[in-house]
Protein chains: 2
Amino acid sequence: MMITLTEENYIKAIYHLGKLGTANVSTNAIAKEMETKASSVTDMVKKLSEKAYVDYKKYQGVSLTEKGKAIAVNIVRKHRLWEVFLVEKLNFLWDEVHDVAEQLEHIKSPKLIDELDAFLNFPTHDPHGDPIPDKDGNFSKLDKVKLSKVAVGETCTCVGVEDSSSAFLKYLDNHKIALGSKIEVIAIEPFDESVTILINASKLNISKHVSNNLFVRTN
Amino acid sequence: MMITLTEENYIKAIYHLGKLGTANVSTNAIAKEMETKASSVTDMVKKLSEKAYVDYKKYQGVSLTEKGKAIAVNIVRKHRLWEVFLVEKLNFLWDEVHDVAEQLEHIKSPKLIDELDAFLNFPTHDPHGDPIPDKDGNFSKLDKVKLSKVAVGETCTCVGVEDSSSAFLKYLDNHKIALGSKIEVIAIEPFDESVTILINASKLNISKHVSNNLFVRTN
DNA sequence: AATAATTTTTAGATAACTCTAAAAATATAT
DNA sequence: ATATATTTTTAGAGTTATCTAAAAATTATT
């Protein structure tokens, strides 16, 4: 029984919703996420249950089985690897990648994704700073942190953004803050929480807003 | 009206069949190519006709309209660019690329394909030696030629294979004949039509079979 | 040209996924 | 605890793409 594109999208939605809370994912929540009707969700959830991708009891919502979770994680892996490819190799901006990655994540070819992984040098995080699971579905332990949380004296690498408005991305571009930029935190002003950083061998003072919307990984 | 994946595949099949002969493409020919039944083809062909992708008169077969042809050529462009990517960047062999490219060719993003084109340095031919149409649908004039057709003294570049059996590909691999290899034809033996070539700065005698299944581009 | 063979189309059904509207179950409020 | 509101499910129907079987048109044969 081949898994369909629609089934994959439902599994992905359930996976993302499941990470938000601890309880089962509700029919309505899935309907909202998938931009469809609750009755359609009920039908699909029954099918996913028959195929053992989810555990489902009437009126009680669903949760992914191990089998379902493995599929979800693999889709996430593919999605994020493609995002890295688009940004690093094809000059996409951080906010342009999502729709295309959404299509590419469904391409079926284990060799393709393993070779892509190697080609990109086994990245651990995507352009938004989210971790990329490895072949076996394991996520990197080191998580991204907002720059505003980094202590004075520490060095870190820019891995993503929270705010992906074009105004914000333009600001980053103007100041040569890019994916992979090395940043050292020199000082934090107590009165406005602005942060002085060393980047590209020059000093720069950035506002609380910026430091709060920039994800970094400390080393 | 969005074009569906199935519609794209029918248009592609009609395009390829249309290149074989001059007449309209028959329902049965499409059915065979698509591995489906003639009745399904009739239904689909009606739909394609309504959407103005094909000209269709009952019992007379179909031909692509300009609109349909533009879509077909764009799919061919995407398919062949992805093939180049897979072989040149992701270590795929010539005979491994087809199924994956068949999936990738349906990804919708003009930016993606233009950037991929640039990333690959605007290749004019795919790993099988077939020409890649440009953005506007124009094919390169210089066509591939069988090595057996190249005259003594001429230099050419290896661009593809006719026979893509693994035995043949292994032979090429063993003799370091690869995509992009420069070949000079030194002599052609009259009695068995074997060809002596200069490749990788050393002489090699190849049989008629090999020279007949190797595509090159003369410069 | 009439008959036979082939191709193509129509008619009616099926499977996957979706919808609306109504019924059933659960959660909330008084 | 009973009534009300919300959520979820069921029932029935539509769409897309497919199929089988039978009818219609075209092509080939004698």
Side-chain angles (χ1 to χ4, degrees), chain A residues 1-14 17-18 20-64 68 71 75 102-103 105-106 108, chain B residues 1-15 17-18 20-64 68 71-72 75 102-103 105-106 108:
Chain A
M1 278 293 149
M2 254 292 283
I3 190 166
T4 69
L5 192 137
T6 315
E7 286 168 354
E8 283 194 352
N9 281 329
Y10 271 94
I11 289 171
K12 198 179 89 176
I14 294 166
L17 293 168
L20 302 178
T22 165
N24 282 356
V25 178
S26 78
T27 301
N28 262 4
I30 299 170
K32 200 175 173 189
E33 175 83 9
M34 299 283 300
E35 296 182 324
T36 184
K37 294 297 151 79
S39 55
S40 307
V41 173
T42 301
D43 280 356
M44 179 54 79
V45 146
K46 280 181 189 169
K47 200 167 63 142
L48 293 177
S49 174
E50 273 164 29
K51 290 193 175 184
Y53 297 126
V54 300
D55 289 317
Y56 167 62
K57 271 192 239 108
K58 271 191 192 178
Y59 297 99
Q60 304 308 135
V62 291
S63 60
L64 291 176
I71 285 171
I75 297 172
E102 199 99 298
Q103 296 178 62
E105 73 189 5
H106 297 291
K108 277 164 192 71
Chain B
M1 276 294 148
M2 253 292 283
I3 189 166
T4 69
L5 192 137
T6 315
E7 285 168 355
E8 283 194 352
N9 281 330
Y10 271 94
I11 290 171
K12 197 179 89 174
I14 295 165
Y15 176 78
L17 293 168
L20 302 179
T22 165
N24 283 356
V25 178
S26 78
T27 302
N28 261 5
I30 300 170
K32 199 174 173 188
E33 175 82 10
M34 300 282 302
E35 297 183 322
T36 184
K37 295 297 153 79
S39 56
S40 307
V41 174
T42 302
D43 280 355
M44 178 54 78
V45 146
K46 279 182 189 167
K47 198 165 64 138
L48 294 177
S49 175
E50 273 165 28
K51 291 193 175 186
Y53 296 126
V54 300
D55 289 317
Y56 167 63
K57 268 192 240 112
K58 271 191 193 180
Y59 296 99
Q60 304 308 135
V62 290
S63 60
L64 290 177
I71 285 171
I75 296 173
E102 202 92 305
Q103 297 178 61
E105 72 189 6
H106 297 291
K108 277 164 191 72

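Just so it is clear: chains get the letters A, B, ... in the order the sequence lines come, proteins before strands, and each one is counted from 1.
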Check your understanding: Hey, is the side chain of B/Tyr59 poking within less than 4.0 Å of OP1 or OP2 on C/dT10, counting only N and O atoms?
Key -> no
Review point. Which nucleotide sits closest to the side chain of A/Gln60: C/dT9, C/dT26, D/dT26?
Key: C/dT26
Point to revise | Interatomic distance, A/Leu48 CG vs C/dA16 P [rounded to whole Å] | key: 13 Å
Check your understanding: Counting just side-chain N and O atoms, does A/Thr42 come under 4.0 Å of either OP1 or OP2 of D/dT9?
Key -> yes
Check your understanding: What's the shortest heavy-atom distance between B/Tyr56 and B/Gly61, and which atoms?
Key -> CD1-O, 3.8 Å
Review point. If only side-chain N and O atoms of B/Asn28 are considered, is one of them under 4.0 Å from the OP1 or OP2 phosphate oxygen of C/dT8?
Key: yes
Check your understanding: Are any of B/Lys46's side-chain N or O atoms less than 4.0 Å away from OP1 or OP2 of C/dT10?
Key -> yes
Check your understanding: Any donor-acceptor pair under 3.5 Å joining the side chain of A/Ser39 to the base of C/dT20?
Key -> yes
Review point. Is there a side-chain polar atom (N or O) of B/Tyr10 under 4.0 Å from OP1 or OP2 of D/dT16?
Key: no
**Study point:** Residue B/Lys58, side-chain atoms from C-beta onward, closest of C/dT10, D/dT10, D/dT18
**Key:** C/dT10
Practice item. Would you kindly give the CG-to-P distance between A/Leu5 and C/dA15, to the nearest whole Å? Key: 22 Å
Review point. Judged by atom type as modelled, is there a donor-acceptor pair below 3.5 Å linking the side chain of A/Gln103 to the main-chain atoms of B/Lys108?
Key: yes
Review point. Run the side-chain contact (heavy atoms from CB on, under 4.5 Å) check on A/Leu48 and A/Val62 step by step: do they pass?
Key: CA-CA 10 Å; A/Leu48 293 177; A/Val62 291; over 6 Å; no
Point to revise | Side chain of A/Thr6 (C-beta onward), nearest among C/dT18, D/dA24, C/dT26 | key: C/dT18
Check your understanding: Stepwise, does the side-chain contact (heavy atoms from CB on, under 4.5 Å) test hold for A/Thr27 with A/Val45?
Key -> CA-CA 8 Å; A/Thr27 301; A/Val45 146; 5.9 Å; no
**Study point:** Distance test, side-chain N/O of A/Lys37 to OP1/OP2 of C/dA21, below 4.0 Å
**Key:** no
Revision key, fill the gap. Of C/dT18, C/dT9, D/dC19, the nucleotide closest to the side chain of A/Asp43 is C/dT18
Exercise for review: Could you tell me the separation between the CD atom of A/Glu7 and the P atom of C/dA15, rounded to a whole number of Å?
Suggested key: 16 Å
Point to revise | Nearest-neighbour nucleotide for the B/Thr36 side chain, D/dC19, D/dT26, D/dT8 considered | key: D/dC19
Review point. So does B/Thr27 get a side-chain nitrogen or oxygen closer than 4.0 Å to the phosphate oxygens (OP1/OP2) of C/dT9?
Key: yes
Exercise for review: For the pair B/Lys12 and B/Glu102, find out whether any cationic side-chain nitrogen is under 4.0 Å from an anionic carboxylate oxygen.
Suggested key: yes
Study note, to complete from the structure: Sorted by position of nearest nucleotide on DNA chain C, 5' first, the leading residue of A/Met44 and B/Ser26 is B/Ser26
Check your understanding: Separation of A/Met2 atom CE from C/dA15 atom P, in whole Å?
Key -> 19 Å
